[in-house]
Amino acid sequence: MSEPILEIKDLSIAFTVSGKSTTAVHSSTFEIKKGETVALVGESGSGKSISALSVLKLLPAAASYPSGKILFKGQDILSASEDELRKVRGNDITMIFQEPMTSLNPLHSIEKQISEILELHKGMSGKAARARVIELLTQVGIRDPETRLNAYPHQMSGGQRQRIMIAMALANEPELLIADEPTTALDVTVQAQILELLKDLQEKNGLSMLFITHDLGIVRRIADRCCVMQKGHIVEQGATEQIFTKPQHDYTKHLLSAEPKGSPPLSDTSAPVILEAKDMKVWFPIKKGLMRKTVDHVKAVDGIDLTLREGQTLGVVGESGSGKTTLGMALTRLISSEGEISFVGQDINQYSFKKMRGLRDQMQVVFQDPYGSLSPRMSVGEIIAEGLTIHNKELNRDQRDEMVVNALQETGLDPETRHRYPHEFSGGQRQRIAIARAIVLEPKFIMLDEPTSALDMSVQAQVIDLLRDLQKRHKLAYMFISHDLKVVKALANEVIVMRLGKVVEQGSAKQIFENPQTDYTKALMAAAFDIKTK
C-alpha cells in the first residue's frame with residue numbers, strides 16, 4: 001500500500017481548567033494510508049473524538065499537546081499557522097459530525113449551505129455552484145435534488161440530513177474524511193445505506209477515512225484497520241479481522257462481548273392484561289388555503305390493535321417516521337387519539353387530562369435523551385422525588401428520601417450521589433436516574449422510547465440487564481420503542497413492526513426474528529444483523 005497520508009506520532013492531549021491540567025490522550029500513535037479506512041473504537045470518554053478534532057486543530061483554547069506530531073502529507077498540523085490550517089480544513093481534510101441537525105444551520109436552505117463551501121474554497125457561484133450542488137446531492141443519493149435545493153434541515157429526515165452533511169464534506173474533493181459517529185442516530189436500514197454510500201464514494205474518489213464509532217458491527221463492515229481506545233490510551237490496533245477474531249487486550253474482548261444478550265422472561269398468556277388498544281388512530285390534519293380547511297391527514301397511527309400483559313415487553317420497531325413514538329404517546333394519553341384504550345380494565349381514551357392525572361403514577365415514560373429529560377437545576381434526589389411529591393402527598397420528607405434511596409439502589413447507583421446534579425453523571429448513569437424516577441412510583445406500565453440509542457454498547461447491555469431484572473422483580477409491563485433490533489431481541493416477548501403508521505407485521509419475538517414474513521421486516525433484519533436478504 002502507498003505512503004501514509006496521515007501520521008499520528010506519540011500524541012498526548014491535555015486540558016487546563018482553573019490552573020489544573022488533565023491529560024485526556026496519552027502518547028497515541030497510528031497512521032492512515034491513501035484509500036484506507038481506519039476506525040477509532042472505544043466507549044464515551046475514551047478520547048476518540050478529541051483525537052479526531054486534533055487532526056484539524058479544532059479543540060478549544062484550553063487544550064494543549066504535551067507531546068507528539070500530527071503529520072498530514074508530511075506537514076505538521078500542530079505547528080501550522082492559521083493561514084496554512086485554513087487551506088487544509090475543508091479542502092484536503094473534511095469532517096462529518098454525529099448529529100446533523102445541530103451541525104446544519106436551521107436558517108439557511110440546503111443549497112445555500114453547500115454553495116457557501118464552494119464559494120469559500122473554490123470561488124464558485126451562480127449557475128456553476130448550483131450545478132455542483134445538484135451533482136453532489138445526486139452523488140449522495142438525494143432523490144430529485146432540484147426540488148430539495150430550497151428545503152431547510154428540519155424538512156429533511158435524519159438520513160437525508162446526514163447525506164447532506166456528506167455532500168458538504170465531499171464538496172471540495174478532500175483526500176481525508178473524518179467521520180465522527182455519523183450513523184449513531186440513524187435507523188438500521190438508513191445506517192446500512194450511509195455505510196454503503198461512504199464505501200462507494202471512497203472507492204470512486206480514492207478517499208482515506210478516519211471513522212470514529214463505539215459500534216463494533218459498523219467497524220467490521222467498513223474499516224480496514226482498527227485502533228481500540230480506552231481512557232486515552234490506544235490499547236490495541238491491527239487489521240480489523242484480526243482484532244475481531246483474535247483480540248489480545250482484555251478491554252477489546254470486553255467490547256466484543258458487550259452486545260445485548262440473553263432472552264426476555266417467558267411469556268405467560270394467563271397474566272393479567274395491563275394495556276389493550278383497538279383500532280387506534282392518530283391523524284394530524286393538513287390545512288391549506290385562507291380558511292385553513294382540512295384537505296387531508298397525516299396518518300401517523302392508522303388502525304392499530306395491541307395487547308400487553310403483566311411482566312411482558314412489547315417491542316415496537318420501524319424506521320423514523322413510522323409512528324412508533326406517536327403510538328407510545330397516544331397509549332399513555334400524552335396526545336389525543338381515536339379508538340379504544342384500556343388500562344388495567346379502565347377505558348381511558350375518553351378521560352380528560354385532569355382525570356388521567358390519577359393514573360400517571362401507574363404509567364411512566366423513560367425518554368431517549370436522558371440529559372434532555374432531566375432538569376439541570378434539580379439534584380438527582382429532587383428529580384426522583386418529584387413524582388412522589390405530586391402523587392403521594394401523605395408521605396413525609398424522610399419517607400420520600402427512603403424511597404429515593406431504594407430506587408437508586410435498585411438501578412445500581414450509589415444513594416450518596418442523590419445530592420449531585422445530572423451534568424455530573426455519564427450518559428449511562430443519567431439513563432439509570434431516568435429509570436429510577438420511573439420505578440420509584442411503583443408503576444404497572446413503563447413506555448421506553450429509544451432508551452439505549454445514545455449509549456455505548458457495554459452500557460446498553462447493562463441497561464437491558466437492569467430493565468430485565470426490574471421487570472422480573474416488579475412484574476412490570478414494558479412498551480419498548482427502538483430502531484435497534486438487537487436490543488429488542490434481548491428484551492421483547494411480542495413485536496410490532498410499523499411502517500408509515502400501519503402495522504406490517506405482528507407476533508411473538510421468536511416468530512418475527514426467526515421467520516419474518518414481509519419484505520420490509522426482512523430488510524430491517526438484514527440491516528440490523530448484517531445478513532443477506534433472499
Side-chain angles (χ1 to χ4, degrees), residues 6-30 40-71 76-82 85 89 95 97-99 102-103 178 180-181 184 210 212-214 227-237 249-251 254-255 369-372 374-383 408 412-434 454-456 458-459 462:
L6 182 75
E7 294 175 88
I8 309 288
K9 294 185 173 182
D10 193 37
L11 181 69
S12 295
I13 305 168
F15 291 88
T16 304
V17 179
S18 303
K20 185 183 176 185
S21 183
T22 306
T23 303
V25 172
H26 304 263
S27 303
S28 288
T29 298
F30 66 92
L40 269 185
V41 186
E43 295 173 301
S44 298
S46 61
K48 309 185 300 292
S49 291
I50 59 172
S51 296
L53 288 166
S54 296
V55 173
L56 285 167
K57 215 173 173 187
L58 290 175
L59 291 177
S64 62
Y65 304 92
S67 70
K69 289 182 177 181
I70 300 173
L71 300 176
D76 188 1
I77 296 290
L78 295 182
S79 60
S81 66
E82 275 303 312
L85 285 171
R89 291 174 186 152
M95 193 159 184
F97 295 96
Q98 180 172 353
E99 182 40 74
T102 53
S103 305
I178 301 170
D180 188 4
E181 300 270 14
T184 300
L210 177 59
I212 295 144
T213 184
H214 63 254
C227 301
V228 181
M229 289 195 80
Q230 182 191 26
K231 296 178 181 175
H233 296 269
I234 292 180
V235 295
E236 188 167 355
Q237 61 177 298
H249 197 275
D250 287 344
Y251 180 68
H254 162 72
L255 282 181
D369 177 9
Y371 196 68
L374 302 176
S375 172
R377 294 186 177 89
M378 295 169 74
S379 70
V380 165
E382 289 168 339
I383 287 168
L408 286 167
L413 291 167
D414 181 358
E416 292 304 310
T417 62
R418 68 189 184 279
H419 307 297
R420 289 160 57 185
Y421 289 81
H423 72 271
E424 298 177 72
F425 293 85
S426 70
Q429 288 172 321
R430 287 197 288 262
Q431 200 57 288
R432 286 172 184 268
I433 293 162
L455 305 178
D456 294 321
S458 59
V459 182
Q462 291 165 18

After noting the C-alpha distance and the side-chain angles of Leu413 and Val380, does the key distance pass the side-chain contact (heavy atoms from CB on, under 4.5 Å) rule? CA-CA 11 Å; Leu413 291 167; Val380 165; 5.9 Å; no

Trace of the side-chain contact (heavy atoms from CB on, under 4.5 Å) decision for Val55 with Ile8: CA-CA 9 Å; Val55 173; Ile8 309 288; 4.1 Å; yes

Test log, rule side-chain contact (heavy atoms from CB on, under 4.5 Å), inputs Ile77 and Leu85: CA-CA 7 Å; Ile77 296 290; Leu85 285 171; 3.7 Å; yes

Given side-chain contact (heavy atoms from CB on, under 4.5 Å), test Leu53 with Met95 step by step and report yes or no. CA-CA 9 Å; Leu53 288 166; Met95 193 159 184; 3.7 Å; yes

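Ionic pairing of Lys57 and Glu82 is not present here: no N-O contact between side-chain nitrogen and carboxylate oxygen is shorter than 4.0 angstrom.
The shortest non-hydrogen separation linking Arg89 to Leu56 is NE-O, 2.9 Å. The shortest heavy-atom contact between Pro415 and Leu408 is CA-CD1, 3.9 Å. Pro66 and Ser64 make their closest contact through CD-O, 3.4 Å (heavy atoms, listed as atom of the first residue, atom of the second, distance). Counting all heavy atoms, side chain and backbone alike, Gly428 lies closest to Val459 at CA-CG1, 3.4 Å.
Here CD of Glu181 is found 10.5 Å from CG of Leu40. Values are rounded to the nearest 0.5 Å. With rounding to the nearest 0.5 angstrom, the OG atom of Ser49 is 10.0 Å from the CE atom of Met229. Between atom OG of residue Ser79 and atom NZ of residue Lys69 there is a gap of 8.0 Å, rounded to the nearest 0.5 Å. Ile50 CD1 to Leu58 CG: the interatomic distance, rounded to the nearest 0.5 Å, is 13.0 Å. Remark: Arg377 CZ to Ser375 OG distance equals 6.5 Å, nearest 0.5 Å. Rounding to the nearest 0.5 Å gives a distance of 10.5 Å between CD of Gln429 and CD of Glu424.
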Show the atom names and distances, to 0.1 Å, of all donor-acceptor pairs under 3.5 Å that link a side chain in residues 12-26 to residues at least two apart or in another chain.
{"residue": "Ser12", "atom": "OG", "partner": "Ser27", "partner atom": "N", "Å": "3.0"}
{"residue": "Ser12", "atom": "OG", "partner": "Ser67", "partner atom": "OG", "Å": "2.9"}

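Under the rule for a side-chain hydrogen bond (donor to acceptor under 3.5 Å, both in side chains), Gln237 has no partner lying at least two apart in sequence or in another chain. A search for side chain to side chain contact (heavy atoms under 4.5 Å, CB included) contacts involving Ser81 returns Asp83, Glu84, not counting sequence neighbours.
Counting only distance, with no hydrogens or angles, the side chain of Arg420 and the backbone of Phe425 share no donor-acceptor pair below 3.5 Å. Using a distance-only test at 3.5 Å, with no hydrogens or angles considered, no donor-acceptor pair links the side chain of Lys48 to the main chain of Ile212. The closest donor-acceptor contact from the side chain of His249 to the backbone of Tyr251 lies under 3.5 Å.
Using cut-offs of 30° and 60° for the angle between ring planes, the Tyr421 and His423 rings count as parallel.
Between Pro422 and Ile433, every side-chain heavy-atom pair lies at or beyond the 4.5 Å cut-off.
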